[in-house]
A.B. asks: 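Encoded as structure tokens, here's the structure I'll be asking about.
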Amino acid sequence: MSLVRAELRKLLGLPTAWVGLVLGTLVAPVVVLLNAPYTRRAMAAGTLTDTSDLGLRDLGIGLIGPMVLGVIVVSSEYTATGQDTPGACQFTATLAATPDRVRLLMAKTTALVLVVVAQAAVTAAATLTLTQVLHGEHAPAPALARVAAAIFYWTLTTLLAYAITLITRSGIVPLTLLIINSSVVSVSYLLTKVTSLAVYLPDIAGTQMFLRSGDFPVEIAPVTAGLVMTAWVVALLAVGAVLFHRRDV
């Protein structure tokens, strides 16, 4: 537990981590607030009739926050410590303190999951409460199982970013890939228009754990969707763990 606490302190001591925490916690409720007038007009005009995903769907925009956390917890280890020590990085000091890389990786993963689950729970509660306050009876409270699935989705998405960073040892690749795919244009969604197999990509499958409406060629049951996304994350984490253990630095 002492190693987990140390990794928690290290993670929460990073300025970029606080950027991820603030973005992840505030963006979704702010989007709900800004979209409220349009949503009310759409419901009044009858163009928005299915409100079962109201609030839950907005949680997706906040994923940039936990993705930053998943990346920075690894990429910060490979950041140069200073111009006076060229080639040196934080990871050298980390290994000196904890030579056992398996224990180190488990502690990092545990610390990351604890932070993201707490962040996701707070964000989900704030977003869904604000949605109900703004839209009343038009925004029925989702079942607890769907809220738990949304929190699980946040956690798996964070671990996905974490695993890709373990593999690449760079924060640029996973952040660019995941942020563009989740906010600018979803390559995964576009691929569903080409082949129905694309619904089994981690982000597309994962959303079906808690969202009930979606324009996908194949619908996946929530439990199956969770298993599919979990399998992706476990596979990538396994590759990342092997590389993390074998690399010289």
Side-chain angles (χ1 to χ4, degrees), residues 3-4 6-8 10-11 14 16-17 20 63-80 87 89-95 97-117 120 151-182 186-192 195 197-209 220 223-249:
L3 189 52
V4 173
E7 288 299 325
L8 274 171
K10 187 190 296 184
L11 174 59
L14 296 170
T16 310
L63 279 172
I64 185 175
M67 285 190 295
V68 167
L69 292 175
V71 169
I72 197 66
V73 72
V74 177
S75 64
S76 62
E77 294 282 6
Y78 296 99
T79 302
C89 59
Q90 174 62 40
F91 194 35
T92 305
T94 301
L95 284 179
T98 312
D100 188 336
R101 295 195 185 200
V102 174
R103 287 185 61 237
L104 174 61
L105 192 60
M106 290 178 64
K108 277 189 175 298
T109 307
T110 303
L112 177 63
V113 168
L114 288 174
V115 170
V116 172
V117 168
I151 293 172
F152 187 46
Y153 177 63
W154 268 48
T155 306
L156 288 178
T157 301
T158 304
L159 290 174
L160 192 66
Y162 173 64
I164 295 172
T165 311
L166 279 174
I167 294 170
T168 62
R169 290 198 296 185
S170 167
I172 298 175
V173 174
L175 273 181
T176 302
L177 175 66
L178 293 171
I179 290 176
I180 289 177
N181 191 61
S182 64
S186 175
V187 177
S188 301
Y189 179 74
L190 293 177
L191 285 174
T192 63
T195 171
L197 292 176
V199 299
Y200 295 100
L201 290 170
D203 54 330
I204 299 296
T207 59
Q208 297 193 59
M209 286 193 290
I220 307 176
V223 173
T224 303
L227 291 174
V228 169
M229 189 173 185
T230 300
W232 275 99
V233 171
V234 169
L236 289 171
L237 277 175
V239 174
V242 169
L243 293 175
F244 183 79
H245 183 70
R246 291 184 177 180
R247 282 169 175 155
D248 292 336
V249 181

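Just so you know, these numbers use all the heavy atoms, side chains as well, and skip hydrogens, waters and symmetry mates. Since the structure is predicted, the reported quantities are computational estimates derived from the model, not experimental observations.
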A.B. asks: Which heavy atom in V73 sits nearest to a heavy atom in E77, and how many Å separate them?
C.D. replies: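 Looks like O-CG, 3.9 Å.
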A.B. asks: If I compare all heavy atoms of A161 with all of P174, which pair ends up nearest, and what's the gap?
C.D. replies: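 Here A161 and P174 meet closest at O-CB, 4.2 Å.
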A.B. asks: Less than 4.5 Å apart, side chain to side chain, heavy atoms only: is that true for L11 and I72?
C.D. replies: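 Answer yes - side chains close enough.
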A.B. asks: Among V233, V113, L160, whose side chain to side chain contact (heavy atoms under 4.5 Å, CB included) with T155 holds?
C.D. replies: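 Going through the options one by one, the only one that passes is V113.
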A.B. asks: So if I apply the side chain to side chain contact (heavy atoms under 4.5 Å, CB included) rule between V68 and each of T158, L63, L175, which one comes out positive?
C.D. replies: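 For V68, the side chain to side chain contact (heavy atoms under 4.5 Å, CB included) test succeeds with only one of T158, L63, L175, which is L175.
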A.B. asks: Could you check whether any side-chain N or O of E7 sits under 3.5 Å from a backbone N or O of A107, counting only pairs where one atom can act as donor and the other as acceptor?
C.D. replies: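 The answer is no, because no donor-acceptor pair under 3.5 Å joins these two groups.
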A.B. asks: Measure the OH-CG distance between Y162 and L237 for me, rounded to the nearest 0.5 Å.
C.D. replies: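 Rounded to the nearest 0.5 Å, the OH-CG separation comes to 7.0 Å.
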A.B. asks: Locate the shortest heavy-atom distance separating T230 from F152; write the atom from each residue and the value.
C.D. replies: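 Heavy atoms only, the tightest pair is OG1-CZ, 3.5 Å.
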A.B. asks: I want to check something: taking the side chain as every heavy atom from C-beta on, are V4 and L114 in contact at a cut-off of under 4.5 Å?
C.D. replies: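 When only atoms from C-beta onward are counted, L114 and V4 do touch, with a gap below 4.5 Å.
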A.B. asks: What distance do L69 atom CG and T16 atom OG1 have between them, rounded to the nearest 0.5 Å?
C.D. replies: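 The CG atom of L69 sits 10.0 Å away from the OG1 atom of T16.
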A.B. asks: Between T109 and L159, is there a side-chain heavy-atom distance shorter than 4.5 Å?
C.D. replies: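 Yes, their side chains come closer than 4.5 Å.
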A.B. asks: Between W232 (side chain) and Y200 (backbone), is there a donor-acceptor pair under 3.5 Å?
C.D. replies: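 Here the side-chain-to-backbone pair exists.
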A.B. asks: Kindly compute the distance separating OG1 (T165) from CD1 (I172), expressed to the nearest 0.5 Å.
C.D. replies: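 One finds 11.0 Å between OG1 of T165 and CD1 of I172.
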A.B. asks: Could you walk me through whether L156 and M209 pass the side chain to side chain contact (heavy atoms under 4.5 Å, CB included) check?
C.D. replies: CA-CA 12 Å; L156 288 178; M209 286 193 290; 4.3 Å; yes
A.B. asks: So, taking the atom named CG in L166 and the one named NE2 in H245, what distance separates them when rounded to the nearest 0.5 Å?
C.D. replies: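 So the CG of L166 and the NE2 of H245 are separated by 13.5 Å.
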A.B. asks: Out of curiosity, Q208 CD to I220 CD1, how far, rounded to the nearest 0.5 Å?
C.D. replies: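 Result: 4.5 Å between the selected atoms.
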A.B. asks: Mind listing the closest non-hydrogen atom pair of A198 and S188 along with its distance?
C.D. replies: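 Nearest pair, atom of A198 first, then S188: CB-O, 4.1 Å.
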A.B. asks: Taking all non-hydrogen atoms of both residues into account, name the closest pair between F244 and R101 and its distance.
C.D. replies: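 That closest heavy-atom pairing would be O-NH1, 2.7 Å.
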A.B. asks: Between P66 and T157, is any pair of side-chain heavy atoms under 4.5 Å apart?
C.D. replies: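 Not in contact.
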